[in-house]
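Values below: every heavy atom of this structure, side chains too, minus hydrogens, waters and symmetry copies. So that the names make sense, note that chain A is the first sequence line, chain B the second, and so on, each numbered from 1.
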Amino acid sequence: MAQPKRKPRTNAYDHGAIEAKWQRRWAQDELYQVADDDPRPKWYELVMYPYPSGDLHIGHWYNYAPYDTHVRFMRMRGYNVLAPMGFDSFGLPAENAAIQHGVHPYEWTMANIERMREQFKSIGPVFDWRREIVTSDPEYYRWNQWFFLQFLKNDLAYRAKAPVNWCPSCQTVLANEQVIAGRCERCETLVERRDLEQWFFRITRYADELLDFSGLIDWPEKIKTMQRNWVGRSEGVELVFDIAHYGLDEKEIRVFTTRPDTVHGVTFMVLAPEHPLVERLTASDRKAGVEAYVRQARQASEIERLSADREKSGVPIGAHCVNPFNGEEVPIFVADYVLMGYGTGAVMAVPAHDERDFGFARRLGLPVRVVVTPPDWDGGDLAEAYTGYGTMVNSGVLDGTPGDRAFDAVADYAEGQGIGKRVVSYRMRDWLISRQRYWGTPIPIVYCDECGVVPVPEDQLPVLLPQDAEFKPTGESPLASHQGFVHTDCPQCGGHARRETDTMDTFVDSSWYYLRFVSPHEKDAPFDPALAAAWCPVDQYTGGAEHAVMHLLYCRFFTKALRDLGIVAFDEPFLRLFNQGVILGEDHDKMSKSRGNVVNPDNVVKRLGSDAVRTFLMFIGPWDQGGSWSDGGVQGMSRWLNRVWAIGIRDPSALDGARQAVEELQRVTHKTIRRVTTDLERFQFNTNVSALMEFTNHLNRVWDARSVDAAAWRSAVKTLLALLAPTAPHLVEELWERAGYPYSVHQQPWPVWDDDLARDPEITLVIQVNGKLRDKLIVSADIAEEEAKELALKSERVLSQVAGKQVRRVVYVPGKLVNVVVG
RNA sequence: GCCGAGGUGGCGGAACGGCAGACGCGACGGACUUAAAAUCCGUUGGGAGCAAUCCCGUGUGGGUUCGAUUCCCACCCUCGGCACCA
């Protein structure tokens, strides 16, 4: 007997061939190209674009596969969906690669993009690649420069001195993330604080509006909270302490406090080491000590200074100021627990009612005076600071003011006396966009010997990055040493000028990329205003929560700024936001090379297919909670897809079934449509897959029992395919074609369920005694209350439980249960 | 310290205040096979019992309720974020 080695090829699920076939076909047919004039309602669904690191790892898949499924779902539901993709291609790794391997950042980046684009395509995504943008392309970054100039004209961009992390060995500024325990991550030199001229965007002008989330439809509460904390709005009072007795130009020290009611408890004053008055007020016999302290404080990195559990340090400067409320003289200290960057850089110290001041006072033996009554206070010394509110004492005319009126009473008093005023202070500072790096957008500014700071005229944009820069590990930007780039003519007077050699933070690129996607090849403007009006804002945005306060906040700021410049007509860039979680290794640990738990998606795709990988990633668990990879799990997913395949290719023509089973199949089908639809609407991809698995299990039972006719079978399988299409697009397209349905399944309308057809004629009535399950009865769904109770009380198991006790109550929940309460 | 999210079988996870553990992984048993792989079928929270059945179980302790994984209070862990912001 002839032994066939394997089943005929046409009947096996050959994922490799099928996926290649349909990826080719979809591209050929331009299935995913989005038309701007499509009459269907628009839906702009965006996923955060990647940095082209060179390899699409499993984390990328975890971000993009569920997104792709949701986009496909929305298309089938009848939306004209804009789903674009691009590359966030400026940034440090390219430059480091240049320094380490001698390959130009441009070459490195473009090679990575090419490779990732191909890997992307193996997911089978719906991206309209004609709209791809690459932010390191001059056609893109010229508009960064253009926006910069618009901001400059409108006082939203400015230059100022700012303290930065400076590595004296590398001769460069480091980002906060590059400073580890106060040392340069590359050469381990102690990092210094240094004041440098930097460019800023005036995001603080929008602080209050950024706190208003009312224009958003659906954002995670967590992200809003993080942004709220980041902006850090606090209402307080600015008070004035007198130093006129020193005869300086400055007559006062201004302090910001949120607790003006504690002002009579001030026993000393603290200035930040960077405070300009430190130098002027320090007594001659204190000079040496104070200077040494300030020097040491400035060397400590911000990270070091901000660690709260450090012992408070500081020194007296040998001067005093006068508390305007009670005329008391209080000594002035310099201490690094006070930050120049917040409030006024000076703090009125109230040790009795502030933990930090309390710690400092303890250490230096300074007096503590209670002015707010703690509950159950015995009038004695405090063991720790009392930071709550309470009736004011030791506060002169304000004595006796109750805690709930204290703030306003003191603020009113201060304003009436002209010694203070209500102010709002923010934690957020302006956005520092200068980077001393090559691989970024050149800031379009020249410094003219005659005219000073001159913006590059718009018609001279873009200021191009020179290709022939040299990449040496000096730490200095290749732009600064590139003579051809630096030396230029002043656009105003034609005289000699030097170009700005700093480049822009890459978050500038991502602050408006969503706008570029509507018209990525627009030549005369950053985007086509009509198309932006038609497509924007983004209806649904997905991406990692790590961008909660950087990218997302910057982007909101950018949008609001552009609105005020008349460039866009809406307030928020992203109406809905969904944050996916993080994919972990099989050992439930973060994936890392050192742990050896990194999963290479290319290998798994080759072995089991893209559909198995993407479906498994969605099945792991709730998308926003992340989850762990599992080799066994993805294998199981592959098994299920093979079962779907088997169902899809069966020939049902010989079936001839019974009416009851047909109705049941229809019921299960409509229930499944309902479950899958609501799950996909809510980004619940895991239960979406479960529902489809249960559906296929039911279909297999039906098939084994031969209980339905061919038409019923075909109709149910057709629905299965449509429902599975967004999740496993290649497999379904193939089965769809083999079943003889019109191409493409991805252009079919989404199935609609009918609640009546999904309704069970019979239900399982749960019988409880005292809330514990005792029996289950199959009854008609429209059973009357009396009948249900009667059946319950007649149940043998109920009778045995009730025996010898009294029935006190019978609770009936229609369609659900009967609970017999006995006692 | 503060702010989030979370704690459910061996594992990932399901469950409008109403049958806890859907679905899957793993494990065990069986079928097919010379054998294995693959595939298919069955069992699978713990305990008692020959069995019908019963008891215990959703981090811990209370509370609300006829009924709590679900709501409230307190606490303990885990993970994320922020962290001297006056």
Inset, instruction - Measure from the side-chain heavy atoms of A:Asn697 and tell me the nearest of B:A86, B:G24, B:C25. - result: B:G24

Inset, instruction - Using a 4.0 Å heavy-atom cut-off across all strands, classify A:Ser628 as base, sugar-phosphate, or nothing. - result: nothing

Inset, instruction - State whether A:Arg774 places a side-chain N or O below 4.0 Å from either non-bridging phosphate oxygen (OP1 or OP2) of B:C55. - result: yes

Legend entry - A:Ile620, nearest nucleotide to its side chain (from B:G12, B:C66, B:G13): B:G12

Legend entry - Nearest listed nucleotide, side chain of A:Tyr342, among B:G18, B:A86, B:C66: B:A86

Inset, instruction - Go through the side-chain N and O atoms of A:Asn63 and A:Gln580 and say whether any donor and acceptor fall under 3.5 Å apart. - result: yes

Inset, instruction - Flag this pair as yes if the NZ/CZ of A:Arg422 is under 6.0 angstrom from the six-membered ring centre of A:Phe407 and inside a 45 degree cone about the axis; otherwise no. - result: no

Legend entry - Distance below 4.0 Å between A:Gln684 side-chain N/O and B:A14 OP1 or OP2: no

Legend entry - Nearest-nucleotide comparison on RNA chain B, the residue closer to the 5′ end among A:Ser690 and A:Asp357: A:Ser690

Inset, instruction - Ignoring backbone atoms, test whether A:Lys222 places a side-chain nitrogen or oxygen under 4.0 Å from the OP1 or OP2 oxygen of B:C82. - result: no

Inset, instruction - Could you check how far CD of A:Glu546 sits from C1' of B:C79, rounded to whole Å? - result: 15 Å

Legend entry - Pairing partner (Watson-Crick or G-U wobble, both distances under 3.5 angstrom) of B:U53: B:A48

Legend entry - Rounded interatomic separation in angstrom, taking CG from A:Asn770 and C1' from B:C19: 17 Å

Legend entry - Watson-Crick or G-U wobble partner of B:A5, both distances under 3.5 Å: B:U78

Legend entry - Non-hydrogen atoms of A:Gln227 and A:Leu552 that approach each other most closely: NE2-CB, 3.5 Å

Inset, instruction - Can you tell me the distance, in whole Å, between the NZ atom of A:Lys805 and the C1' atom of B:C66? - result: 15 Å

Inset, instruction - Specify the separation, in whole Å, of atom CD of A:Glu221 and atom C1' of B:C3. - result: 12 Å

Inset, instruction - Using a cut-off of strictly less than 4.0 Å, decide whether A:Arg797 has a side-chain nitrogen or oxygen near OP1 or OP2 of B:U53. - result: yes

Legend entry - Under-4.0 Å side-chain N/O to phosphate OP1/OP2 contact, A:Arg639 with B:G26: yes

Inset, instruction - Looking only at side-chain atoms of A:Phe619, point me to the closest of B:C54, B:C19, B:G24. - result: B:G24

Legend entry - Lys/Arg cation over aromatic A:Trp703: A:Arg706, 6.0 Å, 45° cone: yes

Legend entry - Ring-ring centroid check A:Phe507 A:Trp431, cutoff 6.0 Å: no

Inset, instruction - For B:A20 versus B:G45, give the span between their C1' atoms, rounded off to a whole number of Å. - result: 10 Å

Legend entry - Whichever of A:Gly345 and A:Ala691 has its nearest RNA chain B nucleotide further upstream toward 5': A:Ala691

Inset, instruction - Ignoring backbone atoms, establish whether A:Ser234 has a side-chain N or O less than 4.0 Å from OP1 or OP2 of B:A86. - result: yes

Inset, instruction - Please say whether the positively charged group of A:Lys312, taken as NZ for Lys or CZ for Arg, lies over the ring of A:Tyr337, i.e. under 6.0 angstrom from the six-membered ring centre and within 45 degrees of the axis. - result: yes

Inset, instruction - Tell me whether the OP1 or OP2 atom of B:U39 has a side-chain N or O from A:Arg643 closer than 4.0 Å. - result: no

Legend entry - OP1 or OP2 of B:A14 under 4.0 Å from side-chain N/O of A:Asn686: yes

